[in-house]
Visitor: 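Sending over a structure as structure tokens; questions will come in a sec.
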There are 2 protein chains.
Amino acid sequence: MATYKVGSIGEYIREQRKRAKVSLRQLAEATGVSNPYLSQIERGLRKPSAEILQQIAKGLRISAEALYVQAGILDDRDVDTDVQAAIRADVALSERQKQVLLDIYESFRREEGHDGEAAMPMTPPTKGEYR
Amino acid sequence: MATYKVGSIGEYIREQRKRAKVSLRQLAEATGVSNPYLSQIERGLRKPSAEILQQIAKGLRISAEALYVQAGILDDRDVDTDVQAAIRADVALSERQKQVLLDIYESFRREEGHDGEAAMPMTPPTKGEYR
DNA sequence: CAGGAGCGCTTGCAATAGCAAGCAGAGCGA
DNA sequence: TCGCTCTGCTTGCTATTGCAAGCGCTCCTG
């Protein structure tokens, strides 16, 4: 959590865009947001509205919520509880399945803070790579 | 859910305000948003940003997410807690962890299709109740 | 070499968000 | 009656968002 700095929405968007290997112009086309404006957003010169963020998320095929969190308009905690709440609310899952998923999710969260190496030997390098 | 008509954020805010029995000026004070602007929002003359919605939610002591849904910047389904979307949006999880959870979730959904009854006789009625 | 394609960025502008100052109406008390 | 308080709304303004037109750079091809 504390690893992420809310407010660097531009950096985050650029990062996701590079990860997706698309140019600004390609993203502009995919999102319907102008190329210069995307550039300005990435460089922190402009502060996009939620609607623009929504479009960008769609163009990058990522969750709009992740962008909202970065932009500070959605509380990180809300997103956190969403996974647990989502699992609990999913009527397609049996209670046992829910519990399994919740356990795994929670162990992932713990290993995030404590023992990344213990549970998943491959995870640390990937994690470091991600960040 | 279906009771709400996305787009009528102004009506919704007025409704909540009346429910809370506060005047526009009182809400303005509680929210830090100007009284005239609140009036304009309520009457649909202006389209408030997410930040303003956040402030209004705080002033009305309601969930910002509920306002986002009304304003159309957050998908109702997301709030309904779609598991896959929630997992993807969880910034505390690495991409690999997300993938693991998603894979497990999806396999659970598949086994649901096959042996749902066999594994958990209670599941079907609950589903029917939801829908 | 020139030209074209692709890249990200600059600039000026129109539209809109959000505000301060103030208006008009209703209700109440002296 | 008048004055005050409270209410919601009008209006004009500034700051900001998002865009269109275009620039400069790099790389590649004929």
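It should be emphasised that the depicted structure is a prediction, and the values quoted were computed from it without experimental measurement.
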Visitor: List, one per line, each side-chain donor-acceptor pair under 3.5 Å for residues 25-32 of chain A, sequence neighbours excluded.
Guide:
from: A/Q26; atom 1: OE1; to: A/S23; atom 2: N; distance (Å): 2.8
from: A/T31; atom 1: OG1; to: A/L27; atom 2: O; distance (Å): 2.8
from: A/T31; atom 1: OG1; to: A/A28; atom 2: O; distance (Å): 3.3
from: A/T31; atom 1: OG1; to: A/V33; atom 2: N; distance (Å): 3.1

Visitor: Kindly give the heavy-atom pair with the smallest separation between A/Q54 and B/G72, and that separation in Å.
Guide: NE2-O, 3.3 Å
Visitor: For the residue pair B/P48 and B/Y37, what are the closest heavy atoms and their distance?
Guide: CA-OH, 3.6 Å
Visitor: Check residues 38-45 of chain A and write down every donor-acceptor pair under 3.5 Å in which the side-chain atom is one partner and the other belongs to a residue at least two apart or another chain.
Guide:
from: A/S39; atom 1: OG; to: A/R43; atom 2: NE; distance (Å): 3.0
from: A/S39; atom 1: OG; to: A/R43; atom 2: NH2; distance (Å): 2.9
from: A/E42; atom 1: OE1; to: A/R14; atom 2: NE; distance (Å): 2.4
from: A/E42; atom 1: OE1; to: A/R14; atom 2: NH2; distance (Å): 2.9
from: A/E42; atom 1: OE1; to: A/R17; atom 2: NH2; distance (Å): 3.0
from: A/E42; atom 1: OE2; to: A/R17; atom 2: NE; distance (Å): 2.6
from: A/R43; atom 1: NE; to: A/S39; atom 2: O; distance (Å): 3.1

Visitor: Under a criterion of less than 4.0 angstrom to any heavy atom of chain B, what are the 5'-terminal and 3'-terminal contacting nucleotides of DNA chain C?
Guide: C/dA17 to C/dG22
Visitor: Using heavy-atom distances to pick each residue's nearest nucleotide on DNA chain D, tell me which of B/R43 and B/Q26 is more 5'.
Guide: B/Q26
Visitor: Looking at A/A66 and A/Y12, what are the two nearest heavy atoms and their distance?
Guide: CB-OH, 3.8 Å
Visitor: For each nucleotide in nucleotides 13-26 of chain D, reading 5' to 3', give B when a protein heavy atom comes within less than 4.0 Å of its base, S when such contact involves only the sugar-phosphate, and - otherwise.
Guide: ----BBBBBB----
Visitor: May I have the distance from B/L27 (atom CG) to D/dT7 (atom P), rounded to whole angstrom?
Guide: 12 Å
Visitor: Return the set of residues passing salt bridge (charged side-chain N to carboxylate O under 4.0 Å, His left out) with B/R19 (not counting sequence neighbours), or none when no residue passes.
Guide: B/E15
Visitor: Using the test side-chain contact (heavy atoms from CB on, under 4.5 Å), find all partners of A/E51 that sit at least two apart in sequence or belong to another chain.
Guide: A/S49, B/K47, B/I73
Visitor: Does the side chain of B/S23 get closer than 4.0 angstrom to OP1 or OP2 of D/dC6 through an N or O atom?
Guide: no
Visitor: Looking at every non-hydrogen atom in both residues, tell me the closest pair between B/A71 and B/L53 and how far apart they are.
Guide: CB-CD1, 3.6 Å
